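These notes are about the structure you will find just below.
Remember, predicted model here, so these are calculated numbers, not experimental data. Here is how names work: the chains are called A, B, and so on, in the same order as the sequence lines, proteins then strands, and each is numbered from 1.
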2 protein chains.
Amino acid sequence: MEDIDRRIVGLLSSEGRSSFTDLARETGLSVSAVHQRVRRLERRGVIRGYTALVDHDALGLPLTAFISIKPIDPAAPDDAPERLAHLTAIEACHSVAGDESYILKVRVASPGELETLLQEIRTAAGVSTRTTVVLSTPFEHRPVAAAPGEPPAAEVS
Amino acid sequence: MEDIDRRIVGLLSSEGRSSFTDLARETGLSVSAVHQRVRRLERRGVIRGYTALVDHDALGLPLTAFISIKPIDPAAPDDAPERLAHLTAIEACHSVAGDESYILKVRVASPGELETLLQEIRTAAGVSTRTTVVLSTPFEHRPVAAAPGEPPAAEVS
DNA sequence: ATGCGCCGGTCGATGTCTTCCACGGGGCCA
DNA sequence: TGGCCCCGTGGAAGACATCGACCGGCGCAT
């Protein structure tokens, strides 16, 4: 039964617009059953939304980079995510263990824009930056696997 | 006109399952016009697919990490992506500039699984690894912005 | 054992959405 | 001016989403 939910998540993860009819066929359930399972997964937050996967080259944002940031003043409060949220070139922000405190993933149009963005990040968050430019992306956004381990079976209100 | 395409991509990027009716309302076009624009964006590869955004914690994969890899033998052919593709825990693989050659993004259930995965990566690709564990993710998969710069207006067959 | 309630399933009806087709207007060039 | 192409509109047909009613199995307490 939980298996079916995993299967549904996997299917939607690799084909986010597939119809309930398709999901029903692939899971062996009725359309209604699949429908209410998906709604439940959405309500529970297991499925947090849907998105189109985009070719950033075609959109004029061909330059991807990872920017690791480190606070200049270690005593300052660490609110970098809020300070950086308005910069729409930042696609993701991960708090990480290690020498640096966050890793950002950014998409820009050109090296010039990257330079500007780095300055904005430094001044907005009071951090130093270390940038790793992406040359190419063999794969990305691969669908979640059919999950080997035990699900946590946690309960929240 | 190109503006409208950007707008459509933005909308689908933040709400990947919105109906053509909704898109039509938000763009001021007719349903048919939006429909053929979306199809064209898909055919051209600007939209490469759709996916559900998933809560990996809820799926039993609460541990995210970035793994930077570097070939042990610099003379060996660099085919790491193909050698690693079968490892479904790897969600993304970026070729990068800098000291290391690739950055992988992985999702696993536990530190134990991460250890196993690291060994698999090392033996499968003949690389050394450097791992950065993600503590939390303030944001991720933010929709593409309304694009400031000039689109490339390239033409391909 | 029996009866009850809950969970999760099927079935069927209704309204919405997708998808396709025919048609029309504006820009461009001969 | 006429023809063509691109891109838009509108409408029709069928597929799909969505909701309610019903139903069967399971666990539990009587």
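With hydrogens and angles ignored, a donor-acceptor pair closer than 3.5 Å exists between the side chain of B/Ser32 and the base of D/dG10. Not a single donor-acceptor pair, N or O on each side, falls under 3.5 Å between the base of C/dG8 and the side chain of A/Gln36.
One atom, CZ of A/Arg39, and another, C1' of D/dC19, lie 10 Å apart when rounded to the nearest Å. Separating the CG atom of B/Leu23 from the C1' atom of C/dT16 is a distance of 15 Å, rounded to the nearest angstrom. Counting to the nearest Å, the P atom of C/dC17 and the NE2 atom of B/His35 are 14 Å from each other. Rounded to whole Å, atom P of C/dG8 lies 11 Å from atom CZ of A/Arg43.
For B/Phe20, taking side-chain heavy atoms from C-beta onward, the closest of the listed nucleotides C/dT18, D/dT9, C/dT10 is C/dT18. With C/dT10, C/dT18, D/dG8 as the choices, the nucleotide that has an atom nearest any side-chain atom of B/Val31 turns out to be C/dT18.
If you check every strand for non-hydrogen atoms under 4.0 Å, A/Ser19 touches sugar and phosphate atoms only. A/Thr21 comes within 4.0 angstrom of the backbone, heavy atoms only, and of no base.
Formation of a donor-acceptor pair under 3.5 Å by the B/Arg83 side chain with backbone atoms of B/Ala124 is found in this model. A/Thr51 places a side-chain N or O within donor-acceptor distance of the main-chain N or O of B/Ser13, the cut-off being under 3.5 Å.
Here the closest heavy-atom approach between residue B/Arg122 and residue B/Thr129 is recorded as NH1-OG1, 2.8 Å.
Classification of the A/His94-B/Phe66 ring pair by plane angle, with boundaries at 30° and 60°, yields perpendicular.
A sub-4.0 Å separation between OP1 or OP2 of C/dC7 and a side-chain N or O of A/Arg40 is absent.
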